[in-house]
Chemist: 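I'd like to ask some things about the structure below.
Reminder, nothing fancy here: chain letters follow the sequence lines and each chain counts from 1.
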Number of protein chains: 4
Amino acid sequence: MTGERPPGRPRSEAARRAILVAALELVAETGYGGLTIEGIAARAGVGKQTIYRWWPSRADVLLEAGAAKADLLVPVADQGSYAADLRVFLGASYRLANHPQLAELLRALMAEAQIDAAFAGRFRVGFLERRRDALAIITDRARQRGDLPDRPAPGTVADIVFGTLWYRILATHQPLDPQLVNDLVEVLASTPPATPAGPPAERRS
Amino acid sequence: MTGERPPGRPRSEAARRAILVAALELVAETGYGGLTIEGIAARAGVGKQTIYRWWPSRADVLLEAGAAKADLLVPVADQGSYAADLRVFLGASYRLANHPQLAELLRALMAEAQIDAAFAGRFRVGFLERRRDALAIITDRARQRGDLPDRPAPGTVADIVFGTLWYRILATHQPLDPQLVNDLVEVLASTPPATPAGPPAERRS
Amino acid sequence: MTGERPPGRPRSEAARRAILVAALELVAETGYGGLTIEGIAARAGVGKQTIYRWWPSRADVLLEAGAAKADLLVPVADQGSYAADLRVFLGASYRLANHPQLAELLRALMAEAQIDAAFAGRFRVGFLERRRDALAIITDRARQRGDLPDRPAPGTVADIVFGTLWYRILATHQPLDPQLVNDLVEVLASTPPATPAGPPAERRS
Amino acid sequence: MTGERPPGRPRSEAARRAILVAALELVAETGYGGLTIEGIAARAGVGKQTIYRWWPSRADVLLEAGAAKADLLVPVADQGSYAADLRVFLGASYRLANHPQLAELLRALMAEAQIDAAFAGRFRVGFLERRRDALAIITDRARQRGDLPDRPAPGTVADIVFGTLWYRILATHQPLDPQLVNDLVEVLASTPPATPAGPPAERRS
DNA sequence: GGTTAAGCGAGACGGTACGTCCGGTCTTCCT
DNA sequence: AGGAAGACCGGACGTACCGTCTCGCTTAACC
């Protein structure tokens, strides 16, 4: 059976949680530049070795602390149309990124991915691709439904959507903006939010 | 007169250049994580103090080394239409970001901006805003010309264009892609590829 | 009765012996500086707790491993005269200390005694004083026999004899030397080699 | 010329002295087991690197701190006879070793020499051999003078003298003892301190 | 034959110090 | 006054062991 216990003292769930909480608090308070393994260990009341035993770097601690949240909090339920699905997905994503603490965490993860190539891989698999997969559910459904525009391929849609979101987080520090959601939905789903009748009147003057 | 020399020995141009070259080489060889002031100084045959005297951080050395290039190499000359202007701008930008050495430099700058708030400001003013200003020339010209779509506001266009570019650089490490340029131009300038009536003479990059 | 068994699982003699053997091997291979509780446990195939349960420190493991040997192997049988007794005692002691493995062990014990005061007490009682007691048998017998010089008191004799032995072990790493035994016997038992009248039958070692 | 300065900032004499003082204080207060590089650095107000730059180990700091003292404080001036020279030398040595602070230092050095073979070599050359050389001055003078007993060779005299001294320091912690000095002088120089007339009356009963 | 009690291998835990790296500052002489 | 050299104080790194603490599992004696 797979349920067998390995020998020896089992891992402390309390220590694991204390470490994740301490890391999130510290990155919110001091920024990623001020985040150190020693600081996390001290705040969590834990030996440094306990951190090194389970995570390869401080960024991996943050990754574990933050990865699940995005999955759980951004819905991909069917809203009846591609445009509606996209709008709900974008709105939830942007709302999430608007929590200062979470935005700081995302900045840290992306920064570390630029510095440490090994972490970049784990970040891609454990976070970025998961988010793309979530969006793929929406585009797949739209294709089956028949209301997916055929020119910006789903992969390009993901590049544009996540690119715009990340740019706001990393470069302008203003992730949320309802108007931006409207513009993206309009541009990608060709469905002006309030004017469903004459969509592309302003396309060419 | 402003042209008066301050007393004492003038700044060594040779040292300045050796430092910039050493920094670029090192960031290309070892990545930003392996870039240190001591390493730059050793490679450039320079005292550490000489670096600290003129730059606030290692990232600022890179910023000076790389900032001017983008300005010079991405043209904003009038191509006759908004779509054409955009296509040329995007193509040049993407081509630039496709140099591995330059992409590594951009990754380093964006990473440091997430870690060091003071540098983030200098990076915004010295690089990001300059790129947005370049794009603004194109949208301003399009507005005067009359072929600027009014729904995605110019600022949003910049978010989408640069967001997609940066996302490719930071997250997927595949910045250049002619198809992506096509899709963005189509989506933002409303030039469906199925409309051969338009002036897509410059489509081939 | 004292022979009653306490409840619970009895101490494992196999583990005890494995620990003593592992400690002796490791101290011989890596020196005392490379001897660790974790290393002993790993080599002996034993949990660390099993060592901590029975010995206060790694040095006490060595003490138990090596203490008995000296008692057993250095004879104090009556040789007929103080000089002869002394000669046999010294010869055996020096010969013992000439085993490299045992010398390394003695060095370790004396070193730890300088570092850990509590161990120093156990070392004195469990080793040093036992050796002095063995020598005291010889001096007592000489006093009763009447051939004990009265000026270097027995305690001083012990200081000189063991001092010289330990100095050779600790400082010069050349414990054994037949000529040294001769000199010490001559100096302490007043048997000038130039006086062939005396009973130097046992001179040749 | 040899007096040329190397380039760069010269070594700080203040830091060097602060480190030696801190090490001596700490070893006296906490014993060698409680002496750490970090503790020395903290007490001296010095970076750890400054210690590692100039000394290979904490014991070498103590060696430098203590080595010169013995040379300076134990006189080898001519007292007119071998016995008198020896008595003065022994008295000064024992008096020196009776300073608790210095005795603790000597214990630390000898202990470390048992643990670290590389340090043992430096200790021998930098301390032990120097002390033997000092004693050799006395035996050489005695030989020239003609009052050196010929049987315990000078090397053996050194083994006995320093052996007894070290044994008292390491094993009994009672280095000084005027009676011990008398006994050693008598035994090695065959000159009872107050009874120069009938030297060896009690030699054989 | 089940209960109780302790020893045992294993290994995670909170700590402390290690020896190294680098940051940013300073002190020296030279240009 | 700038610059090369390099020592300085400081702080975090990642590692090695310390001595302690759970775990599940023997291995006995006792009921």
Side-chain angles (χ1 to χ4, degrees), chain A residues 4-16 18 34-39 41-42 44-54 56-58, chain B residues 5-12 14-16 18 35-39 41-42 44-54 56-58, chain C residues 4-16 34-42 44-54 56-58, chain D residues 4-16 34-39 41-42 44-54 56-58:
Chain A
E4 288 194 7
R5 278 266 199 88
R9 182 175 176 175
R11 178 174 180 182
S12 163
E13 183 61 23
R16 181 181 154 275
L35 182 68
T36 65
I37 298 273
E38 298 213 327
V46 141
K48 285 200 290 175
Q49 191 65 248
T50 300
I51 300 177
Y52 285 110
R53 194 160 14 231
W54 303 109
S57 79
R58 57 184 182 156
Chain B
R5 280 273 196 80
R9 181 177 177 174
R11 178 174 180 182
S12 161
R16 179 180 156 274
L35 182 70
T36 65
I37 298 276
E38 299 213 326
V46 141
K48 286 200 291 176
Q49 191 65 261
T50 303
I51 300 176
Y52 285 112
R53 203 173 350 246
W54 301 109
S57 79
R58 57 184 181 158
Chain C
E4 288 193 7
R5 279 272 194 80
R9 182 176 178 175
R11 178 175 182 181
S12 162
E13 184 60 21
R16 181 181 155 274
L35 182 70
T36 65
I37 296 276
E38 299 213 327
I40 297 171
V46 140
K48 286 200 293 174
Q49 191 64 260
T50 302
I51 299 177
Y52 284 112
R53 197 163 6 234
W54 303 109
S57 79
R58 57 183 181 157
Chain D
E4 287 194 7
R5 277 269 198 86
R9 181 176 178 174
R11 177 174 182 184
S12 163
E13 183 62 21
R16 180 181 155 275
L35 182 71
T36 66
I37 297 274
E38 299 213 325
V46 142
K48 286 200 290 175
Q49 192 65 250
T50 301
I51 299 178
Y52 285 110
R53 194 161 13 233
W54 303 109
S57 78
R58 56 184 182 156

Chemist: On DNA chain F, check which nucleotide each of Gly47(D) and Ala44(B) is closest to and give me the residue with the more 5' one.
Modeler: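 Looking at DNA chain F, the more 5' nearest nucleotide goes with Ala44(B).
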Chemist: How do Pro56(D) and Ser57(B) order along DNA chain E: which one's closest nucleotide is nearer the 5' end?
Modeler: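 Its nearest nucleotide being more 5', the pick is Pro56(D).
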Chemist: Between Ile51(C) (CD1) and dG7(E) (C1'), how many Å, whole number?
Modeler: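 The answer, rounded to whole Å, is 14 Å.
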Chemist: Would you say Arg16(B) and Trp54(B) make side-chain contact, with heavy atoms under 4.5 Å?
Modeler: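 A side-chain contact under 4.5 Å is absent here.
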Chemist: To the side chain of Val46(A), which of dG19(F), dG14(E), dG6(F) is closest?
Modeler: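 From the listed options, dG14(E) comes nearest.
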Chemist: Please confirm whether the shortest side-chain N or O distance from Arg9(C) to OP1 or OP2 of dA29(F) is below 4.0 Å.
Modeler: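 Result: no.
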Chemist: Report yes if a side-chain nitrogen or oxygen of Arg5(D) is closer than 4.0 Å to either non-bridging phosphate oxygen (OP1 or OP2) of dT28(E); otherwise report no.
Modeler: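 False: Arg5(D) side-chain N/O out of range (4.0 Å or more) of dT28(E) OP1/OP2.
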Chemist: What I'd like to find out is whether the side chain of Lys48(D) reaches to under 4.5 Å of the side chain of Ile51(D), using heavy atoms alone.
Modeler: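 Answer no - side chains too far apart.
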Chemist: May I have the distance from Ile37(C) (atom CD1) to dG11(E) (atom P), rounded to whole angstrom?
Modeler: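 After rounding, the gap between these two atoms is 18 Å.
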Chemist: With sugar-phosphate meaning primed atoms plus P, OP1 and OP2, does Gly39(A) contact a base, only sugar-phosphate, or nothing at under 4.0 Å between heavy atoms?
Modeler: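 No contact.
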Chemist: Between the base of dG15(E) and the side chain of Lys48(A), is one N or O donor paired with an acceptor at under 3.5 angstrom?
Modeler: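 In this structure, the two groups form no donor-acceptor pair.
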Chemist: Can you figure out which of dG23(E), dA10(E), dC8(F) approaches the side chain of Tyr52(B) most closely?
Modeler: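 Per side-chain heavy atoms of Tyr52(B), the pick is dG23(E).
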Chemist: Assign each of Arg58(D) and Leu35(B) to its nearest nucleotide of DNA chain E by heavy atoms, then name whichever residue's nucleotide is nearer the 5' end.
Modeler: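 Between the two, 5'-proximity favours Arg58(D).
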Chemist: Please give, in whole Å, the distance from dT16(E) P to Glu38(A) CD?
Modeler: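 Going from CD in Glu38(A) over to P in dT16(E) covers 12 Å.
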Chemist: Return the CD1 to CD distance between Ile37(D) and Gln49(D), rounded to the nearest 0.5 Å.
Modeler: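 Rounded to the nearest 0.5 Å, the CD1-CD separation comes out at 11.0 Å.
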Chemist: Strictly below 4.0 Å: does Trp54(B) bring a side-chain N or O up to OP1 or OP2 of dG3(F)?
Modeler: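 Checking dG3(F) against Trp54(B), a side-chain N or O does come within under 4.0 Å of OP1 or OP2.
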Chemist: From the list dC18(E), dA7(F), dC8(E), which nucleotide is the closest neighbour of the side chain of Arg53(D)?
Modeler: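 Selected nucleotide: dA7(F).
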Chemist: Quick check for you: to the nearest 0.5 Å, what is the distance between Arg58(C) atom CZ and Thr36(C) atom OG1?
Modeler: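 The CZ atom of Arg58(C) sits 8.0 Å away from the OG1 atom of Thr36(C).
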Chemist: Taking the nucleotide of DNA chain F with the nearest heavy atom to each, does Gly8(A) or Arg11(D) sit closer to the 5' end?
Modeler: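 It is Arg11(D), whose closest nucleotide lies nearer the 5' terminus.
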Chemist: Picking from dA12(F), dT20(F), dG3(F), which would you name as closest to the side chain of Thr36(A)?
Modeler: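 Per side-chain heavy atoms of Thr36(A), the pick is dA12(F).
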Chemist: Is Thr50(A) near enough to dG14(E) that one of its side-chain N or O atoms lies under 4.0 angstrom from OP1 or OP2?
Modeler: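 Indeed, a polar side-chain atom of Thr50(A) lies that close.
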Chemist: Could you check which of dA17(E), dT20(E), dT25(E) has an atom nearest any side-chain atom of Gln49(B)?
Modeler: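 Nearest nucleotide to the side chain: dT25(E).
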Chemist: Expressed as a whole number of angstroms, how long is the span from Arg16(D):CZ to dC8(F):P?
Modeler: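 Distance check: Arg16(D) CZ to dC8(F) P gives 12 Å.
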Chemist: Can you see which heavy atom on Ala18(A) is nearest to which on Ala44(A), and at what distance?
Modeler: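 What the structure gives for the nearest pair is O-CB, 3.5 Å.
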